[in-house]
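This report refers to the structure that appears directly beneath it.
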Amino acid sequence: MQDPFYTKTKRKKASQFIRFDAWLDSSLYDFFQSLGRGYQTFSDIMAKFKVTGFRRLIVELVSDGLSFFAMGLVLMTALALPSFNATASGEFNQAEDYSVIFLDRYGNEIGRRGIRTDDSVPLETLPTYMIQAALATEDRRFYDHFGIDLVGITRAMITNVRANSVVEGGSSITQQLAKNLFLTSERTFERKIKEAFLALWLETHYTKDQILKLYFDRAYMGGGNFGVAAAAEYYFGKKVQDISLSESAMLAGLFKAPTKYAPHVDLAAARGRANEVLTNMVQAGFLTEGQVTAARRAPATPIERQNEIDSPNYFLDWAFENVKELVADADDSVSFVVRTTIDPVLQSHAEDSVNSILREEGQAYRVSEGAMVVLEPNGAVRAMVGGTDYGKSQFNRATNPERQPGSSFKPFVYATALETGRFSPDTVINDGPICIGDWCPRNYGRSYSGRVTLKNALRRSINTVPVRLSQSTGRAPIAELAHKMGIENDFPITRSLPLGVISTSVIDMASSYAVFANGGFRAKAYGISRITTLRGQSIYDARDNPPPERVLSERTVTGMNNMLRSVVTAGTGRRAEVPGTPAAGKTGTTQSYRDAWFCGYTGNYVAAVWYGNDNYSRTNNLTGGRLPAQTWQKFMAYAHSNVDIKDLPGADFERIDTPSVPADGIGEDGEPVLQRPPSLTPRAGEKLRELHRLFDQLHTSIEVESAPDNQRQAALEDGGAAKL
């Protein structure tokens, strides 16, 4: 019978957590038990393993060797990490500078800037003895080792120990290239480790010929030259393909110490080093002693190099800085050919105009320096004079933005007024005393004219009128328009802004006035029309630039031309008048006569002229209507001869269709009449050079055909060798 008081309770099942805990405890216990038994077994085996005698010595040496080898690998890996980082970007060291060949607007070379380098010569076109001289002197086992020449290092160490000094280096060509491409010239153990790893990297990523080609292109050869091609042209005035054995030996001798053995530094040392290179070529088995005898007896002679005095150096310095900006993204080359806008004829006469005026009258006015920039209305720089003597001072006064323009700034004020549509050249305004706070500007003659037109006020360079105009238009719009027209540097907007109390440059003033000459479009001054690499790859072409934006309306341009024309015909700039040419412009004189300006233009050219002193000392009452206007007129009279005179909208002038020039070139006053020779377009200049080259080829072929058979054969063989 079932107990009535008995209650059957249902037994709960163990949770999953308790089961997992039990499994984990038992598993850990079994693992540690097995580990203990394994360690005991290993201890028992090692207790029975005993090595004695010579075997133990070997075991100990191997054990210690493996330990040190492992530590060495860790250390070498740590030292190699910077080398791996150097190659991670895939970029080589940038050359110290760019190499730029400058051409004028017609394609003739006018100068160079930067380093001299030429990486366009293929390795297979280099003379065989140039390659042999380099290998015999720098790395005879270049094609046999893997980047690090252990045999060469051992031989160099033995030689240096015997001589008790460093007389022979152990670096391979690959190691030297690694240093040139990735490292600096510091003499440290760390650099040598990096150099070794980088040499191995180069060997795995480039062929031997590619490494040798890079070495010939990137090695410094003294005198600012990088690579054998640039060095051959600089030292011997010829292409590297045409150098002789003695010249090759002299170039190969430069790899070791270019500054020490450069022939223009120490010709005797360079020839002595070249003689050593010839000996190395004999010892390496490339040539016999008989083959190098002639080169020993007639050593190489470098050409005389003098600075090109006639180069437009101020312009080249300015253009070189522009080139650096334009080619900043051209990572695959540092050598460029730059076609500039400079006109050598106009450049020469611009320099003569400034220097002659200073020689004649500079002392009387106590002025020592001048600057001038000539543009075409589109902004192309045709001439730039940055000072009187580049040899004495390389400071470019044409681009220095630290001179006040004075009254030559007033056209910006008048143009702003005309742009509002509320003013015209015939608008009448009061010329009377005016004060803005405690500032009361006065006219040059301390007198006032009452009611005058804007045209008359600008012609006479009245000061109170532009100040009144600035009150009507606001000074901020004047500053904004000045920046749009070409004034690039910033300046404060003050009460004296309408009178030109700002800082600017000659080139910016010329760019700004070009807006009046070209019909109202922005005309930023530029001196570079095209940039290519030595291989002919185009980097920059000015023709690809977007069209210029309009800055002034046609109505404003016509009105400004009319007013600025009157400055030349009947105002402060009368000395700038060019007969038969619609010249317009404005004079400028700053406080204490520190700066004197004339900025003017025609339909053909725009030019800004400045005179002053570098130390900002005052001149002897020099105004813009004197020497600057005279210089401008002297240049423009020459520049507009033998050219079609272009019209200037709004500027009235009497055209002279057939100017009378004496047959003997002598005027009525007995002085020679200076007349500009007819100029060629760049395309015409290229055509003439091509014709000259074809005539040279024709002349050579005629000489060969008319020569005897043996001479003709020799000429043909020489021609074939030259091609090879």
N/O donor to acceptor pairs below 3.5 angstrom from side-chain atoms of residues 483-492, sequence neighbours left out:
from, atom 1, to, atom 2, distance (Å)
H483, ND1, I487, O, 2.8
E488, OE2, K524, NZ, 2.2
N489, ND2, S503, O, 2.3

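- Between the S511 side chain and the A525 main chain, a donor and an acceptor come within less than 3.5 Å of each other.
- To the nearest 0.5 Å, atom CD of residue Q241 and atom CG of residue L126 are 7.0 Å apart.
- Under a 3.5 Å cut-off, the side chain of R397 and the backbone N or O of G386 do form a donor-acceptor pair.
- A distance of 8.5 Å separates CD of Q394 from CG of N313, quoted to the nearest 0.5 Å.
- Between S120 and R535, the shortest heavy-atom distance links the atoms CB-CG, 4.0 Å.
- Taking all atoms of both residues into account, the shortest heavy-atom contact from I243 to M130 is CD1-SD, 3.9 Å.
- Annotation: side chain of M384 is in contact with side chain of T399 (closest heavy-atom distance under 4.5 Å).
- When I110, L103, V323 are each tested for a side-chain contact (heavy atoms from CB on, under 4.5 Å) with T340, only one passes: I110.
- Between H205 and Q210, every side-chain heavy-atom pair lies at or beyond the 4.5 Å cut-off.
- Using a distance-only test at 3.5 Å, with no hydrogens or angles considered, a donor-acceptor pair links the side chain of T137 to the main chain of A133.
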Next on the checklist: As a quick check of understanding, evaluate salt bridge (Lys or Arg N to Asp or Glu O under 4.0 Å) for D317 and R113, giving each step before the final call.
Outcome noted: CA-CA 8 Å; D317 288 347; R113 286 295 185 272; 2.8 Å; yes
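- Using a distance-only test at 3.5 Å, with no hydrogens or angles considered, a donor-acceptor pair links the side chain of R271 to the main chain of A300.
- Side-chain atoms of D25 do not come within 3.5 Å of backbone N or O of A22 as any donor-acceptor pair.
- Counting heavy atoms from C-beta outward, R522 and R550 have side chains that stay 4.5 Å or more apart.
- Side-chain contact between K238 and E247: present, with at least one pair of heavy atoms (C-beta onward) separated by less than 4.5 Å.
- Of the possible polar contacts, none joining the S171 side chain to the Q175 backbone as a donor-acceptor pair under 3.5 Å is found.
- Summarising the geometry of I493 relative to A476, their closest heavy-atom pair is CD1-CA, 4.0 Å, with the distance given to 0.1 Å.
- Put simply, CD1 on I528 and CG on L326 are 5.0 Å apart, with the number rounded to the nearest 0.5 Å.
- Counting only distance, with no hydrogens or angles, the side chain of D139 and the backbone of S172 share no donor-acceptor pair below 3.5 Å.
- Counting only heavy atoms from C-beta outward, the side chains of L254 and P263 approach each other to under 4.5 Å.
- Cation-pi geometry between K256 and Y261 is not met at under 6.0 angstrom from the ring centre and within 45 degrees of the axis.
- In this pair, F315 and W318 present their aromatic rings tilted. The plane angle is within the 30 to 60° band.
- Side-chain atoms of Y540 and N545, non-hydrogen and from C-beta on, do get closer than 4.5 Å to each other.
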Item to check | From CA spacing to verdict: side-chain contact (heavy atoms from CB on, under 4.5 Å), L316, V100 | outcome: CA-CA 10 Å; L316 294 181; V100 181; over 6 Å; no
Item to check | Residues M221, Y234; criterion side-chain contact (heavy atoms from CB on, under 4.5 Å); working and verdict | outcome: CA-CA 10 Å; M221 309 292 286; Y234 181 77; over 6 Å; no
Next on the checklist: Assess the residue pair I211 and F142 against the criterion (side-chain contact (heavy atoms from CB on, under 4.5 Å)); give the C-alpha distance rounded to whole Å, side-chain angles, the decisive distance to 0.1 Å, and a yes or no.
Outcome noted: CA-CA 10 Å; I211 292 174; F142 172 72; 4.0 Å; yes
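- For the pair N378/Y526, a side-chain contact is recorded, criterion being any heavy-atom separation below 4.5 Å from C-beta on.
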Next on the checklist: side-chain contact (heavy atoms from CB on, under 4.5 Å), that's the test. Do N280 and Q283 meet it? Break it down for me.
Outcome noted: CA-CA 5 Å; N280 292 336; Q283 293 177 350; 3.9 Å; yes
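- Classification of the F255-F216 ring pair by plane angle, with boundaries at 30° and 60°, yields tilted.
- Here the CZ atom belonging to F336 is positioned 9.0 Å from the CD atom belonging to Q537, to the nearest 0.5 angstrom.
- For the pair S529 (side chain) and R339 (backbone), a donor-acceptor distance under 3.5 Å is present.
- Residues L212 and Y143 meet the side-chain proximity criterion, which asks for heavy atoms closer than 4.5 Å.
- The two residues R273 and G253 make their nearest non-hydrogen contact at NE-O, 3.3 Å.
- Here the CG-CE distance, from L278 to M250, works out to 10.0 Å after rounding to the nearest 0.5 Å.
- Under the 6.0 Å cut-off for aromatic ring centres, Y98 and F320 do not qualify, their centroids lying 6.0 Å or more apart.
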